[in-house]
Amino acid sequence: VSAAAPEEGQRVVARYERLGRVTVESSPPGVSVSVAGAECATPCVLDRPAGSVAAIVAPAVSVLTEDTRLDFIGWKDGAAGERNVTFTGEEQRITATYRTMYRVRALCEPDGGAAVLFEPPADGGFFAAGTQVRVTAAAANGFRFRRWTGDLELSLPEALLNVDAPKTVVARLDRIPFIPPAGVVNAAGLTPVDGVAAGSIIAIYGLHLAPAVVAGPASPLAQTLAGVTVEAAGRLLPLYFVSPGQINALIPSDFAPGDSTLVVRSTGRPDAAAAFRVVRHAPGLFATVLDLVPYAVALREDGTAVSVDAPARPGDSLTVFGTG
């Protein structure tokens with residue numbers, strides 16, 4: 001305080017600058033936007049001198065949780081996702097609009113038993129809130145659809161799902177026997193002949209053909225193994241062994257040539273049928289595969305096996321094994 005203050009008084013002046021204000025909002029609120037490179041959660045209040053310019057970027061995607069996200073739709077005033085805002089003497093409000101997206105998880109039990117299809121298609125597994133989605137379980141070969149569980153409780157493979165929250169649907173399937181086309185072949189391997197010969201050993205390839213691997217007696221051959229039978233032309237075929245992926249059986253030598261059908265029956269499971277052709281001759285040699293190269297199964301006169309390490313020599317008398 002100066003000496004003259006008691007007579008003359010003393011005055012101080014506080015000087016202010018009028019700032020412009022921009023409030024950045026989002027719908028729904030809480031999205032973090034970038035302001036001049038710095039993150040700011042909405043509602044974000046910015047005060048700057050009039051005439052200042054700030055770069056504001058709304059993120060294309062805002063992740064809330066593992067199963068919920070927000071997708072940018074646009075600014076309410078129609079501006080682009082990245083925009084510049086000029087501060088004026090008036091207060092301004094800008095709003096970024098977002099769409100809530102929920103993840104829909106589709107599982108299969110057993111795994112790989114079906115392909116789950118969505119209509120409309122999912123965007124990385126996400127759908128907009130309120131979307132009604134058609135969900136279809138297309139059972140794979142060797143499986144039969146049983147029912148939906150999880151956020152769907154239905155016994156039909158096609159269902160409608162209302163996506164109002166994260167959802168999980170589980171397609172429950174049963175394993176059933178399946179034989180693909182050309183699944184009946186010479187047990188020794190592929191031959192140049194389209195068919196199998198009467199009196200030969202055949203291999204039936206497929207899925208879930210038997211509950212376990214069971215080998216039958218060498219003689220006489222069994223007609224039922226592990227509850228599995230193979231019938232063709234009204235006759236039960238003698239069986240060498242059964243397994244989930246392969247059955248080896250014998251075509252009787254008096255089996256008539258021509259097109260035929262065999263049926264694999266397993267206790268408690270539906271039948272699996274396969275077409276095949278019987279011909280007079282369809283020879284094949286049994287082989288051992290080493291490094292993708294098939295080597296014939298052969299013995300010398302003394303009973304020792306021919307192999308890569310002990311190859312046959314000129315003049316050797318060999319026995320090779322085949323069928324058909």
Side-chain angles (χ1 to χ4, degrees), residues 141-142 177-210 212-226 228-266 271-308 310-312 316-324:
N141 292 330
F178 169 75
I179 304 172
V184 180
V185 297
N186 187 306
L190 297 177
T191 72
V193 181
D194 180 17
V196 293
S200 68
I201 306 171
I202 63 169
I204 306 166
Y205 291 103
L207 297 171
H208 314 140
L209 300 178
V213 179
V214 178
S219 180
L221 296 176
Q223 292 181 324
T224 302
L225 292 174
V228 176
T229 62
V230 179
E231 182 181 328
R235 303 167 66 176
L236 293 178
L237 303 187
L239 305 176
Y240 288 89
F241 78 91
V242 298
S243 71
Q246 179 181 348
I247 295 174
N248 275 17
L250 179 68
I251 295 289
S253 57
D254 62 349
F255 213 88
D259 293 332
S260 188
T261 300
L262 60 77
V263 179
V264 175
R265 294 189 171 93
S266 181
D271 297 344
F276 68 104
R277 176 173 295 172
V278 177
V279 296
R280 287 196 62 186
H281 303 292
L285 294 179
F286 289 101
T288 299
V289 179
L290 297 175
D291 297 329
L292 302 181
V293 178
Y295 293 91
V297 176
L299 301 179
R300 299 181 181 83
E301 287 183 289
D302 62 3
T304 59
V306 176
S307 66
V308 173
D316 284 354
S317 179
L318 305 178
T319 298
V320 294
F321 299 88
T323 187

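Values reported hereafter were calculated over all heavy atoms of this structure, with side chains retained and with hydrogens, waters and symmetry mates removed. Count residues from 1 along the sequence.
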Q.
Using the rule given for side-chain contact (heavy atoms from CB on, under 4.5 Å), can you reason through Y205 versus I179, listing the C-alpha separation, both sets of side-chain angles and the distance that settles it, and then say yes or no?
A. CA-CA 6 Å; Y205 291 103; I179 304 172; over 6 Å; no
Q) Side chains of L299 and T304: closer than 4.5 Å at any heavy-atom pair? A) no
Q) Should we count CZ of R235 as having more than 12 external heavy atoms under 6.0 Å? A) yes
Q) Under 4.5 Å between any side-chain heavy atoms of I247 and V230, yes or no? A) yes
Q | Close side-chain approach of Y295 and V308, heavy atoms under 4.5 Å | A | yes
Q. Yes or no on side-chain contact (heavy atoms from CB on, under 4.5 Å) for F255 and S253, after CA distance, side-chain angles and deciding distance?
A. CA-CA 6 Å; F255 213 88; S253 57; over 6 Å; no
Q. Say you draw a straight line from OG1 of T224 to CG of L236; how long is it, rounded to the nearest 0.5 Å?
A. 6.5 Å
Q.
Quick check on D291: does its CG atom have over 12 non-hydrogen neighbours (other residues, nucleotides or ligands) under 6.0 Å away?
A. no
Q. Rounded to the nearest 0.5 Å, how far apart are CD1 of I201 and OG1 of T323?
A. 4.5 Å
**Q.** Gap between atom CG of L237 and atom CG of L221 - 0.5 Å precision
**A.** 11.0 Å
Q. Checking H208 side chain against G142 main chain: does a donor-acceptor pair fall under 3.5 Å?
A. yes
Q: Ignoring hydrogens and angles, tell me if any N or O in the side chain of D316 forms a donor-acceptor pair with the backbone of L318 under 3.5 Å.
A: no
Q) At their closest point, which heavy atom of S266 faces which heavy atom of V228, and how far apart are they? A) OG-CG2, 3.8 Å
Q: Please test V242 against V213 for side-chain contact (heavy atoms from CB on, under 4.5 Å), starting from the C-alpha separation and ending with a verdict.
A: CA-CA 6 Å; V242 298; V213 179; over 6 Å; no
Q) For F241 and L225, which heavy atoms make the closest approach, and how far apart are they? A) CA-CD1, 3.8 Å
(Q) Quick check against the 3.5 Å criterion: does R300 have a side-chain atom that pairs as donor or acceptor with the backbone of S317? (A) no
(Q) Before you tell me yes or no, could you show the steps for L209 and F178 under side-chain contact (heavy atoms from CB on, under 4.5 Å), namely the whole-Å CA-CA distance, both residues' side-chain angles and the distance that decides it to 0.1 Å? (A) CA-CA 7 Å; L209 300 178; F178 169 75; over 6 Å; no
Q | Which atom of N248 lies closest to which atom of A187, heavy atoms considered | A | ND2-CB, 4.0 Å
Q. Shortest non-hydrogen contact from P283 to N186?
A. C-ND2, 4.0 Å
(Q) Between I251 and F276, is there a side-chain heavy-atom distance shorter than 4.5 Å? (A) yes
Q: List the atom of T261, the atom of A273, and the distance in Å for their closest heavy-atom pair.
A: CG2-CB, 4.2 Å
Q) How long is the span from the CG atom in D194 to the CZ atom in R277, to the nearest 0.5 Å? A) 5.0 Å
Q: Rounded to the nearest 0.5 Å, what's the gap from CD on Q223 to CG on L239? Could you check?
A: 8.0 Å
Q: Side-chain contact test, heavy atoms from C-beta onward, threshold under 4.5 Å: evaluate it for I202 versus L250 and give yes or no.
A: no
Q: Heavy atoms only: give me the nearest A282-A197 pair and the separation to one decimal.
A: N-CB, 3.7 Å
Q: Would you indicate whether L190, at its atom CG, is surrounded by more than 12 heavy atoms from other residues, nucleotides or ligands within a distance under 6.0 Å?
A: no
